[in-house]
Undergrad: 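One structure coming up, written as structure tokens, with questions to follow.
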Protein chains: 4
Amino acid sequence: MILITGASSGLGAAVAKQYAEQGHALLLTGRSQERLQKTLASCRLAAPEFADNNTCIQSLSCELSQDESVEQLIEKIHEMEADGQMLAKVIHCAGSGYFGELEKQQPQAIRELIDNNVTSSIMLLQQLVMHFKHKPIKLVVVMSTAALSGKAGETTYCAAKWAVRGFVESLRLELKGLPMKLIAVYPGGMDTGFWPTSGKHVDTSSFMSADEAATMLIQALPATEHGYVADLTIQRG
Amino acid sequence: MILITGASSGLGAAVAKQYAEQGHALLLTGRSQERLQKTLASCRLAAPEFADNNTCIQSLSCELSQDESVEQLIEKIHEMEADGQMLAKVIHCAGSGYFGELEKQQPQAIRELIDNNVTSSIMLLQQLVMHFKHKPIKLVVVMSTAALSGKAGETTYCAAKWAVRGFVESLRLELKGLPMKLIAVYPGGMDTGFWPTSGKHVDTSSFMSADEAATMLIQALPATEHGYVADLTIQRG
Amino acid sequence: MILITGASSGLGAAVAKQYAEQGHALLLTGRSQERLQKTLASCRLAAPEFADNNTCIQSLSCELSQDESVEQLIEKIHEMEADGQMLAKVIHCAGSGYFGELEKQQPQAIRELIDNNVTSSIMLLQQLVMHFKHKPIKLVVVMSTAALSGKAGETTYCAAKWAVRGFVESLRLELKGLPMKLIAVYPGGMDTGFWPTSGKHVDTSSFMSADEAATMLIQALPATEHGYVADLTIQRG
Amino acid sequence: MILITGASSGLGAAVAKQYAEQGHALLLTGRSQERLQKTLASCRLAAPEFADNNTCIQSLSCELSQDESVEQLIEKIHEMEADGQMLAKVIHCAGSGYFGELEKQQPQAIRELIDNNVTSSIMLLQQLVMHFKHKPIKLVVVMSTAALSGKAGETTYCAAKWAVRGFVESLRLELKGLPMKLIAVYPGGMDTGFWPTSGKHVDTSSFMSADEAATMLIQALPATEHGYVADLTIQRG
């Protein structure tokens with residue numbers, strides 16, 4: 001079973017649908033119950049007939065920066081495992097964007113940005129490590145190329161994404177020798193619903209779609225017996 | 001005038017005292033009113049006789065992650081500037097540490113770590129940029145070598161410090177062409193009060209003292225007409 | 001048509017054979033004419049029957065650090081293009097290793113290491129850029145995780161690999177807006193013939209094989225209309 | 001005694017002169033015997049009267065990429081040490097620049113660039129490590145901000161500088177626990193004789209002078225008992 005966070009839109013939703021088409025059992029999370037239901041429905045539609053979609057593809061609305069919410073998620077995973085769907089992979093896409101000149105950013109929106117990207121990633125990964133570190137699970141953490149270099153107009157977004165990268169790099173060292181593996185994915189700008197609401201005006205016509213990024217992400221992940229893709233940058237162009 | 005945050009202990013207190021000895025006007029901030037008073041007193045004692053220490057060396061207890069607290073600080077700076085002490089430099093040392101295996105960390109303590117290091121740095125620098133970006137002020141942001149690479153046992157601390165680095169790298173690009181300059185300082189492990197309370201057991205006997213780090217930091221900062229030290233790593237050994 | 005350098009052994013040979021099995025036209029280069037013939041023969045054997053293997057799969061022994069050798073290679077590409085096999089992709093695997101404590105390394109062997117990794121990469125990429133930069137060709141530069149961090153016992157090898165990384169990062173900026181794309185691949189330790197001759201004693205039993213790394217590399221490369229995988233780290237484990 | 005390489009011009013010559021003024025014994029090296037003599041003369045003039053300049057300030061013309069040349073240099077150091085001038089610090093400034101679009105660069109000039117920056121640094125540091133690693137010597141390796149990021153128009157120069165950085169980062173790990181310390185210095189663009197001959201047209205009027213960079217470098221280096229400045233970026237502005 002594959003857990004996909006941030007599945008209510010964008011890359012998370014696209015990854016969910018493609019995995020559904022491939023016949024994978026899925027657990028989808030997102031903050032918006034309503035949009036999450038839409039992804040859920042389209043995944044169940046996309047899944048091959050042989051799949052018992054109502055039990056194989058499930059969703060849970062989550063606020064990953066909240067402890068109780070993450071605990072409910074872990075419980076849900078345990079339930080699905082009890083039903084025979086063992087957790088094999090996590091695609092952690094949850095996150096939000098906030099852009100524009102630093103001077104014009106709102107303190108409250110900055111706090112939410114940090115919560116939605118940094119605190120949530122730490123809380124989720126902490127619980128996953130606690131419960132599953134002895135299993136050969138791939139934790140795929142989707143960040144952004146904003147995690148790799150500084151960018152004007154993205155000061156706080158870069159702060160949030162660099163935080164996640166530093167966290168992932170450190171956690172890798174802490175998990176050394178364990179079967180659980182951390183995979184870092186850095187996509188460049190995608191043409192998703194992300195931009196209109198982000199406070200940055202960008203011409204996204206040449207950007208890759210979330211579907212394209214999902215395709216590349218999914219095809220790059222399959223591991224071999226002694227190796228795996230650990231870091232992946234996906235660029236437009 | 002030099003603003004020093006995190007002046008109530010450690011590197012911040014050491015930097016404050018050395019600048020006081022050199023006769024600089026100072027504004028000291030820290031979270032603990034009590035410890036801040038101790039630094040203030042020792043700075044006033046250390047200052048040369050010609051300095052009118054009561055007006056030249058002042059303090060303000062601050063919670064930099066809180067908007068109102070940062071606004072009070074900006075007001076205080078304006079007051080000192082009105083008295084003729086123009087802001088020339090900021091040594092931003094405020095921050096806190098939290099260490100140990102990820103699984104054993106407490107959610108609430110993680111949130112405080114992020115507040116004390118990430119949110120506070122963003123809130124402070126946002127206000128400083130808004131009010132002083134057209135002046136040739138040096139903003140010295142003191143991080144840690146934990147901002148430069150991942151470290152087992154420091155997952156959330158690295159997250160916090162990488163966030164600040166990503167923020168500083170981005171803000172530099174946003175300030176391009178302006179007289180305000182950002183200076184990034186990465187000290188390695190110091191023998192300060194930091195460790196006993198940080199949850200990590202470390203033999204600090206060969207560590208440099210906060211005084212030593214302060215000495216190197218201060219002597220490395222003086223700029224020339226067309227250039228300045230922009231990044232500085234200070235290691236023990 | 002796919003050009004594969006360093007095809008006489010290791011990852012290059014494995015990539016060649018897998019692409020041959022998929023029915024791709026190939027041009028293989030390597031320094032050792034003898035070993036190159038072995039790869040060539042096994043590729044022709046592996047190719048599907050529909051392929052006219054004698055013309056579709058060809059080889060040229062090359063010393064990529066030598067101008068004339070690279071010029072001959074470019075001519076050979078033009079010949080194959082004249083026969084209808086257009087260059088679509090380059091997998092640049094050529095390189096050599098040299099390890100051990102710095103004090104024990106031989107000056108001549110250090111020069112060869114630099115020639116085989118740095119000079120050769122620059123000379124090859126310079127000519128490819130000159131002749132093909134206006135075509136949508138993917139230049140895949142295979143380095144090593146030694147290009148990503150410093151390593152004791154690999155001082156000169158890291159120097160060579162970091163050089164290639166710095167070169168690729170710069171060339172990307174220079175090619176901005178052109179259809180030619182640079183892809184950087186960083187594989188971790190593989191169990192190839194590389195180690196016994198490299199001066200470093202390593203237990204490679206848990207290492208991935210060159211075949212495994214080739215499989216992951218090939219499956220990660222396919223691009224979409226508006227995007228492509230630009231950086232790829234492949235780790236053992 | 002302080003060994004300064006690349007002392008015949010630019011930053012090396014400026015560092016030499018300032019150390020001479022401070023009364024330090026010096027050994028200066030450079031490729032051009034003629035220009036080296038000019039630096040030597042100006043250093044002897046600048047040295048305070050108490051210094052016996054003819055024996056305290058010496059020079060040796062060197063081609064550091066050549067083994068014999070580096071061996072002669074080591075011999076010369078031993079001679080000066082026999083006269084009581086113990087090696088305390090090395091400021092390795094030697095290097096050369098070559099810029100412009102990759103397509104327009106000449107293969108022979110690229111090879112020289114690699115020799116002058118990469119091979120020379122490796123050969124020099126190898127010998128210094130072999131002979132002095134058990135002494136508390138500071139090896140200051142002066143690179144460039146081109147070692148820190150990719151730059152269009154500087155593809156081969158970045159390759160050369162990244163190589164040195166990768167080498168230094170690795171050698172640090174290899175020297176761990178030894179008293180010899182490596183210090184990495186990354187100066188941004190200086191207004192030296194470097195640019196007119198480098199093939200890149202740049203307006204250097206706002207650049208810092210070599211003298212300014214030398215001043216900041218020298219003032220940032222003094223270490224304390226348990227710590228030292230390990231990395232230093234010097235920017236113009």
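Letters A, B, ... mirror the listed sequences (proteins, then strands); counts begin at 1.
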Undergrad: Quick test of your reading: applying salt bridge (charged side-chain N to carboxylate O under 4.0 Å, His left out), list the pairs with at least one residue in residues 206-221 of chain A, sequence neighbours left out, ordered by first then second residue.
TA: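 Residue pairs with at least one partner in residues 206-221 of chain A: there are none.
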Undergrad: Residues in ring-ring contact (aromatic ring centres under 6.0 Å, His included) with A:Phe132, at least two apart?
TA: A:His78
Undergrad: Using a heavy-atom cutoff of under 4.5 Å, enumerate the residues of residues 162-173 of chain C that contact chain A, numbered in order, or state 'none'.
TA: none
Undergrad: Residue by residue, scan residues 222-233 of chain A and write down, ordered by number, those that have a heavy-atom distance under 4.5 Å to chain C; if none do, write 'none'.
TA: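 At a heavy-atom separation under 4.5 Å, chain C is reached by A:Pro222, A:Ala223, A:Thr224, A:Glu225, A:His226, A:Gly227, A:Tyr228, A:Val229, A:Ala230, A:Asp231, A:Leu232, A:Thr233.
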Undergrad: Does atom NZ of A:Lys138 have more than 12 heavy-atom neighbours from other groups under 6.0 Å away?
TA: yes
